[in-house]
Amino acid sequence: MVLIAAAVCSKTGKAIISRQFVELTKSRIEGLVAAFPKLMTGGKQHTFVETDSVRYVYQPLDTLYMLLITTKTSNILEDLETLRLFSRVIPEYCRNMDEADILDNSFNLIFAFDEIVALGYRESVNLAQIRTFVEMDSHEEKVYNAVRETQMREAKNKMREKAKELQRAKLEAGKKKTTGGGIGSGGGMGGYGGGQGGYTASSTPSSESTPAEPPRPAYNPPAKTSNKAMKLGGKTRDVDSFVDQLVQEGEKVSTTVVPAKTGLSKPSSAPQINTEAVHVSLEEKMILTAGRDGGLQTMEVLGLLTLRVQEEKVGRVRLELQNTENKAVQLQTHPNIDKDLFRTKSIIGLKNPAKPFPLNTGVGVLKWRLQTTDESSIPMSINCWPSDNGQGGCDVNIEFELENLGLELNDVTIAIPLPHGVGTPNISECEGEYTIDTRRQQLLWQHTIIDQNNKSGAMEFSVGGNPDDFFPVTVSFSSTKSYSGIKVLECSEVDGGNPVKYSSSTQFFAEKYEIV
């Protein structure tokens, strides 16, 4: 067959989109499409009509026609088979099947048409292959983007750590001035030295990097590094897992990916230096969408408990957990875990007690899921209230309140979008810190910690724009307390029940948290 053109047209002969596979002028194709409705004969059901020079093969699509224009010598059976494939491609990209929807997705449709036909002849492809080709999913691009994002995040974390060190130094200097003249500088340093010695006894086995930190906040770096690793939310965590997968698969890019990954994962790997032979990590991520006028649209919490054993002598262990009190949480154990033991006593142990856990491998032993639309489950509510000030702009009042007082949220960033081309907003009131991201055109309202002692705050600013310009508001945070309340209480041997020394880490973060 020789396919001249493929077009989507209206019943009046108006060409909405058309793809020519041979050289054809615009006026010629418009004339051919416009002549098509006049050839339709009432009362007869056909799938093609012919003229002296071309054949029209068509199929109705609601108020439109999927039209193929071929030569009269083409094989009509092949034409009909090709028409069916074209007709299946249209709903793949257009849901409403109207003129506006066709125009909105015109480029995707034309790309798909090109995959079906080349130089007037049909290619041997199916719908799944067309979808893959049009998406242009590139493995190399994923690798490049993963490396680039990890490098950017590493630079951002270093910048924030440096800023915090400078801020701590200022606080130290101010504290020395307010102490008074009764204590000399040498005595002051002696006092701090004693404090550092007290901390070093407990912190030396937990972190090798703490001596490089100022003495006063010696306990802070492990907690903060864990938070910074989760600072940017689930998306960057997906990037990290993707890079790790590439390394495990032995991809060539591993030499490029590993340095960037290693440099970035210093904060998250710091707790791994002080891990015991048995290490338990708990990770929870939240996906939440709430309405600007109140009400919870969707909320989902996904959790995973991972056990890693590094020495064979402690391979046969059991974990005693504090289970969740929320009955809406759905729990699921690994197939090799004794379900009855967990259900009755909240203890994680293998079905076959004689077998040990795998060595040097993180094993997911328990996962859980919570899905709800109950407003009382929201950990932190955000109320953004933009109002027209009558001068071509808006006065925006935004406030937050911690609803779950048992949580402690760290490195909280509330991002409010700003209209383009309206200049810098005028901040009249702000509890906490704020910065303006000119690249993303966002106002970032930042809080180091939000807990029961700092459970609410407000900000007020004025800027040009309409009320709808300030949505969606997005929130990112991290926490060392789980949302579900699940935590490890004890680790013991299977034989004898003797306690086993273990380490644990908990990470709860927002993968997607927005007010729309």
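Everything numeric in this text was worked out from a predicted model, so none of it was measured.
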So for atom [atom1], which belongs to [X], do other residues, nucleotides or ligands contribute more than 12 heavy atoms lying within a distance under 6.0 Å?
{"X": "Phe111", "atom1": "CZ", "value": "no"}
{"X": "Glu312", "atom1": "CD", "value": "no"}
{"X": "Glu325", "atom1": "CD", "value": "no"}
{"X": "Tyr434", "atom1": "OH", "value": "no"}
{"X": "Lys345", "atom1": "NZ", "value": "no"}
{"X": "Gln167", "atom1": "CD", "value": "no"}

Expected output: side-chain [X] to main-chain [Y] donor-acceptor under 3.5 Å:
{"X": "Ser482", "Y": "Gly485", "answer": "yes"}
{"X": "Ser346", "Y": "Asn323", "answer": "no"}
{"X": "Asn454", "Y": "Ile449", "answer": "yes"}
{"X": "Glu284", "Y": "Tyr483", "answer": "yes"}
{"X": "Lys158", "Y": "Arg153", "answer": "no"}

Can you list the residues that meet the side-chain hydrogen bond (donor to acceptor under 3.5 Å, both in side chains) rule with [X], with sequence neighbours excluded?
{"X": "Thr435", "answer": "none"}
{"X": "Asn360", "answer": "none"}
{"X": "Arg369", "answer": "Glu300, Gln371"}

With salt bridge (charged side-chain N to carboxylate O under 4.0 Å, His left out) as the test, would you mind laying out the steps for Glu154 and Lys156 before giving the verdict?
CA-CA 5 Å; Glu154 178 186 14; Lys156 193 171 184 179; over 6 Å; no

With sequence neighbours excluded, residues passing salt bridge (charged side-chain N to carboxylate O under 4.0 Å, His left out) with Asp374
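Testing Asp374 for salt bridge (charged side-chain N to carboxylate O under 4.0 Å, His left out), a comparison that skips the adjacent residues, returns none.
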
Arg292: what forms a salt bridge (charged side-chain N to carboxylate O under 4.0 Å, His left out) with it, not counting sequence neighbours?
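Per chain and number, Arg292 pairs via salt bridge (charged side-chain N to carboxylate O under 4.0 Å, His left out) with Asp468.
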
Given Phe400, which partner from the list Asn383, Ile414, Leu409 fulfils the side chain to side chain contact (heavy atoms under 4.5 Å, CB included) test?
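It is Ile414; the other options fail the test.
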
Among Ile382, Val473, Ile398, Thr413, find the one that has a side chain to side chain contact (heavy atoms under 4.5 Å, CB included) with Trp445.
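Between Trp445 and the candidates, side chain to side chain contact (heavy atoms under 4.5 Å, CB included) is satisfied uniquely by Ile398.
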
Under the ring-ring contact (aromatic ring centres under 6.0 Å, His included) test, which residues partner Tyr513, sequence neighbours left out?
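For Tyr513 the ring-ring contact (aromatic ring centres under 6.0 Å, His included) partners, ignoring immediate neighbours, are Phe477.
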
To the nearest 0.5 Å, what is the distance between CG (Asn410) and NZ (Lys481)?
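Taking CG in Asn410 and NZ in Lys481, the distance rounds to 10.0 Å.
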
Whether the Ser381 and Glu403 side chains hold a donor-acceptor pair (N or O, under 3.5 Å, no angle test) is what I'd like checked.
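Their side chains do contain a donor-acceptor pair, which is all the 3.5 Å distance test asks for.
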
Under 3.5 Å side-chain donor-acceptor pair for Ser462 and Asp395
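Yes, a side-chain donor-acceptor pair sits under 3.5 Å.
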
